[in-house]
Amino acid sequence: MHFEYNIIESDFANAGKASSEIKKTMKQLNIDAQKIKRMVVAVYEAEVNAIAHAFGGTIFVDIDSEKICVLIKDSGPGIENIELAMQKGYSTASAKVREMGFGAGMGLPNIKNNVDDLDIKSEVGVGTEIKMVVNFI
Amino acid sequence: MKIKEIAQIIDAKIVTGEDKIEREIKYGFASDLMSDVLTLDEEEIILITGLCNVQTIRTAEMANIGVILFARNKKPNEEMLELAQDNDMIILQTKNSLFRTVGLLFKAGLNPVY
Ligand SMILES: Nc1ncnc2c1ncn2[C@@H]1O[C@H](COP(=O)(O)OP(=O)(O)OP(=O)(O)O)[C@@H](O)[C@H]1O
Ligand SMILES: [Mg+2]
């Protein structure tokens with residue numbers, strides 16, 4: 001199964017819509033509740049990041065009998081130091097993002113905790129690709 | 001603790017989910033930072049917050065949290081209520097500050113997540 005969703009820069013009103021759709025699809029497929037939660041929390045964090053820190057992008061979802069793979073590609077500004085960004089508490093969130101309840105610097109560490117495989121590729125001035133996998137077996 | 005009792009202790013209004021007030025809650029968690037909420041494994045909790053926007057509801061949805069209590073007299077808007085109802089949530093609202101709300105519930109025996 002393959003789905004795609006668009007995410008728009010600074011569109012906080014719709015942040016979480018794609019994650020919510022993915023949650024519903026996983027439920028319909030009778031996937032284990034713990035695995036649904038782990039994937040959905042990770043996707044939501046990454047979706048909010050693409051809206052808050054990047055210029056929007058696309059979410060690609062692939063589900064088969066063994067795993068769910070979610071790839072989020074955004075169009076910049078990229079992350080200069082991924083290791084630093086992965087540290088708990090590190091955040092460059094704007095005042096507006098903080099007002100929305102984000103900017104604790106917990107999103108990326110949260111994603112890492114929840115998924116079985118995480119691959120982040122980023123190029124400054126180009127964009128960020130974050131690939132997350134949760135295995136069913 | 002039952003939702004009904006929680007509402008009594010802090011003099012809260014039940015904004016939506018009146019039919020579910022007999023439900024039992026094990027723990028309370030208070031935060032205005034959504035990524036903190038998203039670190040929790042526990043699900044039988046009440047989220048106590050002063051952050052009142054659609055992301056509060058989305059966060060609860062993703063974390064499987066069924067009860068949200070807004071302190072400091074924050075009122076959820078139509079869009080938030082609709083989303084809460086779609087997800088079968090209970091929403092409470094109190095005029096008390098976050099500090100007083102949490103203090104009263106802790107004193108009454110509601111357990112912290114950690
Ligand atoms: N898609 C992205 N594009 C550019 N920078 C990013 C992206 N995702 C994360 N970052 C950078 O990494 C930092 C840490 O991200 P992380 O998700 O851990 O925390 P946060 O978004 O700042 O706060 P929180 O997720 O707790 O609400 C961000 O503040 C930002 O500087
Ligand atoms: Mg984040």
Side-chain angles (χ1 to χ4, degrees), chain A residues 7 10-24 26-27 31-49 51-53 70 85-91 93 96-115 132, chain B residues 26-27 29-89 91 93 98 101-102 113-114:
Chain A
I7 30 182
S10 296
D11 185 16
F12 287 103
N14 289 310
K17 270 206 178 146
S19 305
S20 178
E21 291 298 319
I22 294 168
K23 184 178 182 182
K24 282 180 194 130
M26 290 180 85
K27 265 190 173 169
I31 292 161
D32 174 68
Q34 239 5 76
K35 293 186 192 286
I36 297 180
K37 182 172 172 184
R38 282 168 48 210
M39 186 78 257
V40 161
V41 163
V43 177
Y44 180 52
E45 290 281 14
E47 186 185 355
V48 170
N49 278 355
I51 291 167
H53 308 301
V70 178
M86 290 297 299
Q87 284 177 17
K88 281 186 185 172
Y90 178 82
S91 176
K96 194 186 166 213
V97 171
R98 286 175 202 276
E99 227 170 78
M100 296 306 297
F102 290 90
M106 290 299 293
L108 289 172
N110 242 355
I111 292 172
K112 191 166 195 269
N113 266 338
N114 278 292
V115 300
M132 301 166 281
Chain B
K26 280 202 190 128
Y27 307 98
F29 189 79
S31 182
D32 284 358
L33 281 168
M34 294 301 108
S35 287
D36 274 344
V37 178
L38 290 165
T39 61
L40 303 177
D41 292 327
E42 295 295 341
E43 298 183 349
E44 315 256 300
I45 67 173
I46 179 167
L47 170 61
I48 306 162
T49 184
L51 183 86
C52 191
N53 63 45
V54 75
Q55 293 317 315
T56 316
I57 316 283
R58 282 289 183 207
T59 298
E61 176 190 0
M62 304 312 159
N64 295 334
I65 294 171
V67 196
I68 305 172
L69 165 57
F70 290 109
R72 307 201 284 269
N73 209 20
K74 300 281 177 197
K75 296 189 179 82
N77 64 23
E78 263 314 303
E79 190 195 354
M80 291 167 66
L81 283 182
E82 234 169 76
L83 194 57
Q85 282 154 6
D86 283 351
N87 286 288
D88 214 22
M89 289 174 189
I91 306 274
Q93 179 199 319
L98 195 61
T101 303
V102 169
V113 179
Y114 57 82

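Chain A is the first sequence line, chain B the second, and so forth, proteins listed ahead of strands; every chain is numbered from 1. All values derive from a computational prediction rather than experimental measurement.
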Peer 1: Hey, is the main chain of B/S35 close enough, under 3.5 Å, to the side chain of A/N110 for a donor-acceptor pair?
Peer 2: yes
Peer 1: Could you grab the distance from atom CG of A/N113 to atom CG of B/D41, nearest 0.5 Å is fine?
Peer 2: 9.0 Å
Peer 1: Run the side chain to side chain contact (heavy atoms under 4.5 Å, CB included) check on B/L33 and A/M106 step by step: do they pass?
Peer 2: CA-CA 9 Å; B/L33 281 168; A/M106 290 299 293; over 6 Å; no
Peer 1: Identify which of A/E45, A/R38, A/K23 forms the greatest number of heavy-atom pairs closer than 4.5 Å to chain B.
Peer 2: A/E45
Peer 1: Are A/Y44 and B/T59 side-chain neighbours, meaning at least one heavy-atom pair lies under 4.5 Å?
Peer 2: yes
Peer 1: Name the option with the most non-hydrogen atom pairs under 4.5 Å to chain B; the candidates are A/P109, A/S19, A/S20.
Peer 2: A/S20
Peer 1: For B/R58 and A/K17, what are the C-alpha separation, side-chain angles and deciding distance, and is it a side chain to side chain contact (heavy atoms under 4.5 Å, CB included)?
Peer 2: CA-CA 8 Å; B/R58 282 289 183 207; A/K17 270 206 178 146; 3.2 Å; yes
Peer 1: Please report the interatomic distance NZ(A/K24) to CG(B/D86), rounded to the nearest 0.5 Å.
Peer 2: 6.5 Å
Peer 1: Return the minimal non-hydrogen interatomic distance between B/M62 and A/K37, and the atom names on each side.
Peer 2: O-CG, 3.9 Å
Peer 1: Could you grab the distance from atom CG of B/D36 to atom CZ of A/F102, nearest 0.5 Å is fine?
Peer 2: 11.0 Å
Peer 1: Can you tell me which portion of B/L40 sits under 4.5 Å from chain A's heavy atoms? Options are side chain, backbone, both or neither.
Peer 2: backbone
Peer 1: Does any part of the side chain of A/M100, heavy atoms only, come nearer than 4.5 Å to the side chain of B/N53, both counted from C-beta?
Peer 2: yes
